[in-house]
There are 2 protein chains.
Amino acid sequence: MATIYQVSELAGVSLATVSRVMNGGTRVSEKTREKVNKAMETLNYRPSSIARSLASNCSNSVGILVSELHGPIYGAMMSGIEKQLRTAGKHVIIAAGHSDAASEKDGIEFLIARNCDALILHVEAVSDEYLIELATTQHKFILINRYIPQIADNCISLNNRRGGYLATKALLENGHRDIAYISGPLWKMDASDRYLGHQEALAEHGIICNDALLSEGNFQEEGGNECMLALLETKIPFSAVVCANDEMAAGAMQAARDKGMAVPNDISVMGFDNVLLAQYMYPKLSTVNYPVQDMGKMAASWILKNIYQANQPDVSHVFEPELVWRDSVISLKR
Amino acid sequence: MATIYQVSELAGVSLATVSRVMNGGTRVSEKTREKVNKAMETLNYRPSSIARSLASNCSNSVGILVSELHGPIYGAMMSGIEKQLRTAGKHVIIAAGHSDAASEKDGIEFLIARNCDALILHVEAVSDEYLIELATTQHKFILINRYIPQIADNCISLNNRRGGYLATKALLENGHRDIAYISGPLWKMDASDRYLGHQEALAEHGIICNDALLSEGNFQEEGGNECMLALLETKIPFSAVVCANDEMAAGAMQAARDKGMAVPNDISVMGFDNVLLAQYMYPKLSTVNYPVQDMGKMAASWILKNIYQANQPDVSHVFEPELVWRDSVISLKR
DNA sequence: TTGTATGCGTTATCAC
DNA sequence: GTGATAACGCATACAA
């Protein structure tokens, strides 16, 4: 590997000059610039990003922590982030937090130890206090899908409550009155917010929310399956079920079918997230769109703007969900 | 941020000694070790991985290039890799190649410029020659899902041909004789290998492969949909279709249904990959398992063993697919 | 516009 | 066992 010193030697200039043409800041005469460029060319010179980081105190790397590296939501999110960041020449270091507090802290420590200039965090288990504390240290980070009032500027979140509201409202407007709800783990903010929206829509239509029609799942297919079975077990009639994410909706649909019910004719199913899977399902799943890829891009923009002083458009901190109407919900109105 | 120098000062030893207790190589007296540890503790000292990299000429980072960061296959792959690597204290830098030669080269360059100690590559568009050439440089890398004889040691691949064979054989053994095939882009090695396996199974059963029953898709749902439509258009009867991946199988199933055919009663559908989606589908998709997460782990093991001299089990370079029987295929035998 | 000198926080090679 | 001291490859004040 050629070093900057060898380049300077070949070009017959000082190493400082080589550094200048690389970074393009101060002015260099056209002649020497060409000499240097040619030298870099023939030596196939590649600057060492490590040495550069050490000298400039900037690693040009941002750490990403997601719950899982697989899973459609995280995939879309990382995709949005990477695209944005790489075109800016920053690199992306990833780690998984597994929705576990210890593991999440561990991941954050890991990323910090790697000298990331900034962090993009999708954490669920770690406490608000921990994050507020983290914000007071020198570490810069932005939170995705989480809102903490004290550090609102560091948050990019979805209006989950509104999403839950939209889902249930759509059902209500199509004549459904008895609506079951399969929730994610209620200790997770997004899960409880979505459920709140559901209750809100119900109230708006003068319907008393029946706790027996709530079942708490785990955001996974298997959980949706089990919850649906439990719901059916209660013998309380319901014509529709809204699920707090699409995976659970898939599980719920299967459970219903296993019990001999047809979707959507016997029971309507509403999802949440609008992951790719939703269109693959049969019937195609009606759901609420969670623009997570855009939110990833936005997080990257925030970093570019606030950490690297790049010229970026203003960032929006809260995104609005939208209803996606497909085939898994039937209208009860004639 | 405290530096090693401040630690040495507080502990009353030289900075060389601090370095020794950190790296634990040579012997240090128990007393000074404790002094140093205490000093590190009170200063909340974190060694700079960057300075360490510069001095040791080892960045402890490995670059991963996949076609897309979203997509179930890549998610599972990255997940396997990250898990393995992080427990070894290595970090993972990711980039996307988008199945495009220029973009893939660009990604590789990017990763190399980032001083990765090694690369894990899932590349499709770049030529064998390029990779062979790359192997002759000082850059260490391992290929996933690609086999190049000249650099076989750098390859971890699936026996795609065998997978295609298994898929079609299962259909054959259940009485199907007229079998259509929806392929991935045939310029991709895995796609053509899978098709080869299909032909092999056909030949073994004395069936002449009808080119009119081959339709070349794009490995995406929409492509599967279009291919199925085209196949139906030919009016050539077939009782089953094997698709080169699960996404296309989803598309094919939808197309069949749109034409009023039931799956599997009117037509059987076989997938390939066994992504999570396959179990979510209705009917649940029969498919061929592609153990990509294990292959990711194996790639990580290879790196740990060959680059970092870690103690790792032997790596297997070619993985075998397995048939997964579910509900999308019907037996024609009574 | 260009060159010199110093520092970034470690590891590693010597001595002691 | 421990301590100086020289790399590592580059950025950057400061001079020229």
Side-chain angles (χ1 to χ4, degrees), chain A residues 1-40 43-61 89 91 112-117 138 308-309, chain B residues 1-40 43-61 89 91 112-117 138 308-309:
Chain A
M1 262 306 171
T3 75
I4 194 175
Y5 185 75
Q6 299 169 23
V7 174
S8 77
E9 204 168 23
L10 204 169
V13 298
S14 83
L15 117 193
T17 302
V18 177
S19 180
R20 285 191 190 94
V21 348
M22 280 177 45
N23 301 316
T26 49
R27 306 207 55 73
V28 183
S29 84
E30 201 51 43
K31 258 179 72 177
T32 57
R33 174 185 303 278
E34 276 182 24
K35 273 195 306 185
V36 171
N37 278 329
K38 194 182 300 180
M40 299 203 300
L43 284 175
N44 192 23
Y45 168 72
R46 311 237 166 255
S48 156
S49 65
I50 291 188
R52 181 178 279 193
S53 295
L54 186 59
S56 67
N57 193 32
C58 164
S59 68
N60 281 309
S61 71
H91 67 213
I112 290 177
R114 267 16 192 151
N115 295 83
C116 293
D117 295 331
Q138 69 280 36
Y308 298 115
Q309 283 77 38
Chain B
M1 261 303 172
T3 73
I4 194 175
Y5 184 75
Q6 299 169 24
V7 174
S8 76
E9 204 168 24
L10 204 169
V13 298
S14 83
L15 107 195
T17 302
V18 178
S19 179
R20 285 192 190 94
V21 347
M22 281 178 43
N23 302 316
T26 50
R27 303 206 56 73
V28 182
S29 85
E30 201 51 43
K31 259 179 71 177
T32 57
R33 175 184 304 277
E34 276 182 24
K35 275 194 305 186
V36 171
N37 277 328
K38 194 184 297 181
M40 297 202 301
L43 284 175
N44 192 24
Y45 169 71
R46 310 236 168 256
S48 155
S49 64
I50 290 189
R52 183 177 276 193
S53 295
L54 185 60
S56 68
N57 193 31
C58 165
S59 68
N60 281 310
S61 72
H91 66 212
I112 290 176
R114 262 27 199 163
N115 296 81
C116 294
D117 295 331
Q138 68 279 39
Y308 298 114
Q309 284 77 37

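Quick caveat, the model's predicted, so the values are computed rather than measured. Residue numbers begin at 1 in each chain, while the letters A, B, ... track the order of the sequences.
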When the distance from CD1 of B:I50 to P of C:dC8 is rounded to whole Å, what number comes out?
15 Å

May I have the distance from B:I4 (atom CD1) to C:dG7 (atom C1'), rounded to whole angstrom?
16 Å

Write down the protein N/O and nucleotide N/O pairs, taken from nucleotides 3-7 of chain D, whose separation is under 3.5 Å; answer none if there are no such pairs.
residue: D:dG3; atom: OP2; partner: B:S14; partner atom: N; Å: 3.0
residue: D:dG3; atom: OP2; partner: B:S14; partner atom: OG; Å: 3.4
residue: D:dG3; atom: OP2; partner: B:T17; partner atom: OG1; Å: 2.5
residue: D:dG3; atom: N7; partner: B:R20; partner atom: NH1; Å: 3.4
residue: D:dG3; atom: N7; partner: B:R20; partner atom: NH2; Å: 3.3
residue: D:dG3; atom: O6; partner: B:R20; partner atom: NH2; Å: 2.5

Under-4.0 Å side-chain N/O to phosphate OP1/OP2 contact, A:Y45 with D:dC10
yes

Below the 4.0 Å mark, does D:dA11 have OP1 or OP2 next to a side-chain nitrogen or oxygen of A:N23?
yes

Residue-phosphate contact under 4.0 Å: A:S29 side-chain N/O, C:dT2 OP1/OP2
yes

To the nearest 10 degrees, what angle separates the axes at the start and end of the helix from C:dT1-D:dA16 to C:dC16-D:dG1, five pairs each?
40°

Can you sort out the partners of B:E9 under side-chain contact (heavy atoms from CB on, under 4.5 Å), two or more places apart, ordered by chain and number?
B:Y5

Please report the distance, rounded to the nearest Å, between CE in A:M40 and C1' in D:dG9.
15 Å

When you measure from the side chain of B:S49 to the backbone N and O of A:A113, does any donor-acceptor pair fall under 3.5 Å?
yes

What is the nucleic acid contact for B:R33, judged by heavy atoms within less than 4.0 Å: base, sugar-phosphate only, or nothing?
nothing

Nearest-neighbour nucleotide for the B:A51 side chain, C:dT2, D:dT2, C:dG9 considered:
C:dG9

Please check the phosphate of D:dT12 (OP1 and OP2 only) for any side-chain N or O of A:S19 closer than 4.0 Å.
no

Side-chain donor/acceptor of B:D117 to backbone N/O of B:C58, under 3.5 Å
no

Does B:R52 put a side-chain nitrogen or oxygen below 4.0 Å from OP1 or OP2 of C:dG9?
no

Quick one: A:N115 CG to C:dG9 P, roughly how many Å, whole number?
10 Å

Please work out if B:S53 contacts a base, only the sugar-phosphate, or nothing of the nucleic acid, heavy-atom cut-off 4.0 Å.
nothing

Atom pair distance, as rounded to whole Å: CD in A:E34 and P in C:dT1:
15 Å

